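Here's the structure, in structure tokens; my notes come after.
Letters A, B, ... mirror the listed sequences (proteins, then strands); counts begin at 1. Source: prediction; values computed, not measured.
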2 protein chains.
Amino acid sequence: MSERPNYEQVLRAAGVRITRQRAVILRVLSDSDDHPDAMGIFRRASRIDPSVSLTTVYRTMKLLEEKGEIHRHAFEGGPSRFEHADSDHHDHLIDLDSGEVIEFTSDRIEALQREIAAELGYEIVHHRLELYGRKAKG
Amino acid sequence: MSERPNYEQVLRAAGVRITRQRAVILRVLSDSDDHPDAMGIFRRASRIDPSVSLTTVYRTMKLLEEKGEIHRHAFEGGPSRFEHADSDHHDHLIDLDSGEVIEFTSDRIEALQREIAAELGYEIVHHRLELYGRKAKG
DNA sequence: ATGCAATTGCAAATCATTTTCAACAAGAGC
DNA sequence: GCTCTTGTTGAAAATGATTTGCAATTGCAT
């Protein structure tokens with residue numbers, strides 16, 4: 001499900017100009033299955049087109065975020081990492097040794113969260129659940 | 001429960017010198033029941049002793065964090081906020097309108113987290129659960 | 001092809017936080 | 001109480017991630 005988003009189309013539809021560098025960044029992004037940070041995207045894009053600047057990577061990320069096309073995650077002690085927004089909601093388990101990000105979902109946790117917030121008299125707008133751990137031995 | 005931690009005693013026992021400015025910062029901190037950020041602590045401490053610098057606030061926070069006396073929370077889009085580490089583990093609900101931080105706990109959520117991590121082959125070292133919401137109307 | 005507003009790269013600016021460094025002050029020992 | 005040693009301080013500069021100002025450039029509608 002939810003494969004290779006066509007960011008170019010979305011932006012174009014929003015009246016945004018698709019420049020050469022933007023096209024490269026968007027391609028890099030839709031070819032990514034991990035959770036790269038701006039520098040990582042910049043490196044990948046640079047290899048394809050050296051004229052891409054880190055500034056434009058940031059500008060494009062902000063643009064896509066505003067359009068709701070990607071999500072920005074600020075995991076502890078590190079730069080923001082980005083991912084497609086098209087997939088279903090999920091939380092993250094971060095491998096403390098490798099930095100790898102594993103996605104997971106739990107309807108039960110989601111339900112409990114809503115329950116807790118309600119008890120406190122609140123409605124959840126969004127939440128952040130991150131598990132930091134290491135591979136269990138054995 | 002868990003009231004007015006005596007940071008001074010802890011630091012002194014660790015061989016740390018209690019300077020005039022440090023004493024002020026520690027007092028401000030143990031008099032706080034909220035989740036102030038470095039600038040907030042600096043402002044409160046400054047009023048008591050103008051010789052306290054923001055630098056020293058940061059240095060003292062880092063020190064207390066290393067000694068395990070306080071916890072640092074980086075809520076989204078803002079500076080780190082600190083709180084006593086003495087109380088039991090809890091998660092946070094952040095009021096999007098006021099910035100107020102409400103603490104809560106849920107053994108069920110904790111258990112579910114461990115369960116999920118285990119299924120993925122991981123052991124949780126720590127986690128972060130933050131609910132961002134607004135007061136429910138009615 | 002033309003024109004103009006959107007976009008670019010670079011450098012400088014921000015923001016939170018840390019580090020450098022010379023001046024200063026805890027507090028152990030006398 | 002006085003010294004001495006070494007930790008600590010404030011101010012300013014450095015960091016790291018990200019944003020912004022600006023003059024030059026370039027999509028792309030016409």
Please give me the minimum heavy-atom distance between B/Thr105 and B/His89, naming the atom from each residue. CG2-O, 2.9 Å
Determine, stepwise, if the pair B/Asp37 / B/Arg81 fulfils salt bridge (charged side-chain N to carboxylate O under 4.0 Å, His left out). CA-CA 4 Å; B/Asp37 58 25; B/Arg81 299 172 66 162; 6.0 Å; no
For a quick test of reading the model, state the closest non-hydrogen atom pair linking A/Glu130 to A/Glu76 and the distance between them. OE1-N, 4.5 Å
Hey, is the side chain of B/Arg22 pairing donor to acceptor with the base of D/dT9 inside 3.5 Å? no
Roughly how bent is the helix from C/dA1-D/dT30 to C/dC30-D/dG1 end to end, in steps of 10 degrees, with each end axis from five pairs? 30°
Can you tell me how far C1' of D/dT8 sits from CG of B/Leu63, to the nearest Å? 11 Å
Closest approach of B/Gln21 to B/Val52 (non-hydrogen atoms, all atoms of both residues): CB-CG2, 3.6 Å
For B/Arg12 and D/dT8, what is the distance between atoms CZ and P respectively, to the nearest whole Å? 12 Å
Taking atom P of D/dT8 as reference, at what distance in whole Å does atom CG of B/Leu64 sit? 12 Å
Is it the case that atom CZ in B/Arg27 sees more than 12 heavy atoms from other parts of the structure closer than 6.0 Å? no
Shortest non-hydrogen contact between B/Arg4 and B/Asp33, atoms and distance: NH2-OD2, 2.8 Å
State, with a plain yes or no, whether a side-chain heavy atom of B/Gln113 is found less than 4.5 Å away from one of B/Ile116. no
Of all the heavy-atom pairs spanning B/Arg128 and B/Ala74, show the shortest one and how long it is. NH1-O, 3.2 Å
Ignoring hydrogens and geometry, is there a side-chain-to-backbone donor-acceptor pair from B/His84 to B/Ser32 under 3.5 Å? yes
Rounded to whole Å, please give me the gap between CG in A/Leu11 and P in D/dC28. 11 Å
Nearest heavy atoms of B/Ser98 and B/Asp95, plus distance in Å: N-OD1, 3.0 Å
Rounded to whole angstrom units, what separation is found between the CZ atom of B/Arg20 and the P atom of D/dT9? 11 Å
Segment of DNA chain C, first to last nucleotide, that comes within the 4.0 Å heavy-atom reach of chain B: C/dA16 to C/dG27
Side chains of A/Ile70 and A/Glu83 in contact at under 4.5 Å (non-hydrogen atoms): no
Return no unless some side-chain N or O of B/Gln21 is found under 4.0 Å from OP1 or OP2 of D/dT8. no
Tell me which residues in residues 52-59 of chain A lie within less than 4.0 Å of DNA chain D, going by non-hydrogen atoms. A/Thr55, A/Tyr58, A/Arg59
